[in-house]
2 protein chains.
Amino acid sequence: MNIGEIAKRAGASRSTVSYVLSGKRAVSEETRRRILAVIEELDYRPNAAARALKEGRTRTLGLVIPPASQRLTDMQLGFVASVVEAAARADLDVLLSPSGGDHERSFERVVTGRRVDGVILMEIRMEDDRVSRLRQTSLPFVTIGRTADPHDMWWVDVDYTTLISRCVHHLADLGHRHLAFINRSAELVAAGYGPGHRALAGFRQAVTERGLTGVDVCCPDEPSAGETCLEQLRAAHPEVTAVATINEAALPGIQRGLQHAGLAVPRDFSVAGVAARHWAEDFRPPLTAADVPTLDMGEEAVRLLLERIATPEAPPRHVLHAPPISLRASTGPVPPALR
Amino acid sequence: MNIGEIAKRAGASRSTVSYVLSGKRAVSEETRRRILAVIEELDYRPNAAARALKEGRTRTLGLVIPPASQRLTDMQLGFVASVVEAAARADLDVLLSPSGGDHERSFERVVTGRRVDGVILMEIRMEDDRVSRLRQTSLPFVTIGRTADPHDMWWVDVDYTTLISRCVHHLADLGHRHLAFINRSAELVAAGYGPGHRALAGFRQAVTERGLTGVDVCCPDEPSAGETCLEQLRAAHPEVTAVATINEAALPGIQRGLQHAGLAVPRDFSVAGVAARHWAEDFRPPLTAADVPTLDMGEEAVRLLLERIATPEAPPRHVLHAPPISLRASTGPVPPALR
DNA sequence: TTGTAAGCGTTATCAT
DNA sequence: ATGATAACGCTTACAA
């Protein structure tokens, strides 16, 4: 079924059918109705490949995700979901490309096969090969997260430095003197994962500013790891009375570890961090945390990308989020006995 | 950068370049090398739209997911991940289409715009509009899950009836006489969600076979809901000593509810179910459960789809999984006092 | 208000 | 062993 067939049955030319579809030229009400009737009857829809070939654009966005084999965190999933939704609202399709594993071919296809009009990149490293690769091309792209040197780039990100710093100050205000920071996995941090580095910097700086002691540890992004991590932390640093974390996947384990150690939250021990909202709310007691606005961010990434596609020469834009800390129930004054 | 440019620079014709790329015609070693050198130098890759238009296939698979706004369960995420990986291994791209919400347009684009060579559908209802729609077209598709009448369809699914039945028998063998079944959300079940119906049927049948009493409840797919669900269950049916469930998202809440009620697992109360493996392993104590092989299933769905695409007239195929129950630590004999 | 025709970048058929 | 050329189905500039 193609446009010629529609034209024939409606007794019109192919161009007229095309113009009815696009509305880019006036068509008499009469023929318009005839054509629409045929289109309806045959359930015709233009061939996407032909249209893409002619127009030079695909009406498709690429979304590069971490290799799916390693489970996506809830936050990542939130980004994917909101990007897909926002794209759908703009009548755009989303092509998924797992990258990082042994899927270079997939990434290359998307980047260089002109399969998409633009790309959204997630899980950005401080030095990121995919970003470098994309910069060599003329393909518009936006990152969720940013590299070490993000100037003249388009991105949306969360200001982990500020957020973790705020957590530290909040805990310090409550009288805590000995803090710990639970980071994402050691591999991720070693690979130059931005949030890991920036959050750590914020932690160290704030700890220094307030004259506290601070210890930082990495922890695999899994519930069970959170438990052992907390145990080891307690063993090595019994003086610690509060932790800040950006590792939402480890949260359930941290919770279990605390419970196991017979520590009531927030009476005996405080926890604060950065997490997707429902993770914070599912913590017991609900977690005092900066809620990462994944929904807004995915949407913004799409909006930025569309802008960049529309005006390739436009000056780079970016959005840095520093959502306020939502005070919930997991932080409280340091136990008097431990002051 | 197009094939003509390559041809010009290599001093050959476009067809020869094309044949070098496809290997469908012998090309002298000499010209072959020259052409490959130019391709390498310019980092040329054929335009996907042009190729799709000419070949009549897109080298792209469609994956229809539940509207991303409602958070994906871990099992769904597992399917998405394994489908994407399997497709990438076959050098196929994956186009994501959220459906169900107000995203009919996205689904229609994928189905009828010939944007994909085939479609994988998830979250199948007993009566499923999208399946009906797809059957009207000639687009090959495979479902993960199956409709009420799945004959002459291509699908992979989990045999929830059998698995929940096995859970019941296992619990009965341990002496439990009063069981409960915690289903997925009421809306999902009301909408005809297959696993909900089939698991419930299996539960009822097995309970009858063993002469037990069984109560079944629906529970929203969220941790917090699991907690209240368990509380209400305990209040209304204090005689119940074990539950079976397919609601993995509610598991953390069920766990908390048990703890809250002062019930030790498995000493005072047993829990069994069907879940993705790591959910079972993250339960405390680890959950006795049939582990849904999401990884295999996504891969199979892709394999089936490719078969169907290759030979549209082939007889329908399907795979029904009934993985064994992995005995972990959440089930035990009924407390003697309650026998 | 409508139709004709060129051309997007491939692949594959038919010549040579 | 290689080249010219006709499609694939669409959009749009140009004619009428």
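Below, read A as the first sequence line, B as the second, and so on, with proteins coming before strands; counting in each chain starts at 1.
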Given DNA chain D, 5'-ward residue of the pair B:A50 and B:E30, judged by closest heavy atom: B:E30
Between D:dG9 (P) and A:N47 (CG): distance, integer Å: 7 Å
Minimum-distance nucleotide (side-chain atoms of A:V27 versus C:dG9, C:dT2, D:dA1): C:dT2
Sugar-phosphate or base contact per nucleotide [nucleotides 11-16 of chain D; S, B, -; heavy atom under 4.0 Å]: BBBB--
Side-chain heavy atoms of A:I124 within contact of A:V131, under 4.5 Å: yes
Whole-Å distance separating the CD atom of B:E5 from the P atom of C:dG9: 11 Å
Student check: side-chain heavy atoms of A:P140 and A:D117 closer than 4.5 Å: no
Sugar-phosphate only, base, or nothing, as touched by A:A52 at under 4.0 Å among non-hydrogen atoms: nothing
Side-chain ion pair, B:R115 and B:D93, N-O less than 4.0 Å: no
Pair A:D152 + A:R135: basic N to acidic O under 4.0 Å: yes
Nearest-Å distance for atom pair CG/P, residues A:L53 and C:dT11: 12 Å
Value in whole Å for how far the P atom of C:dT2 lies from CD of A:E29: 11 Å
Touch class at under 4.0 angstrom, heavy-atom based, for B:G113 against every strand present: nothing
Any A:S28 side-chain nitrogen or oxygen under 4.0 Å from OP1 or OP2 of C:dT2: yes
Under 3.5 Å side-chain donor-acceptor pair for A:S97 and A:R109: no
Length of the line joining A:I39:CD1 and D:dC10:C1', which is rounded to integer Å: 13 Å
Distance, rounded to the nearest Å, where B:N2 contributes CG and C:dG7 contributes C1': 12 Å
Criterion side chain to side chain contact (heavy atoms under 4.5 Å, CB included) against B:L121, the qualifying member of B:L134, B:L63, B:V142: B:L134
Sugar-phosphate only, base, or nothing, as touched by A:A49 at under 4.0 Å among non-hydrogen atoms: nothing
Worked verdict on B:S28 versus B:T31 for side chain to side chain donor-acceptor pair (under 3.5 Å): CA-CA 6 Å; B:S28 76; B:T31 34; 2.6 Å; yes
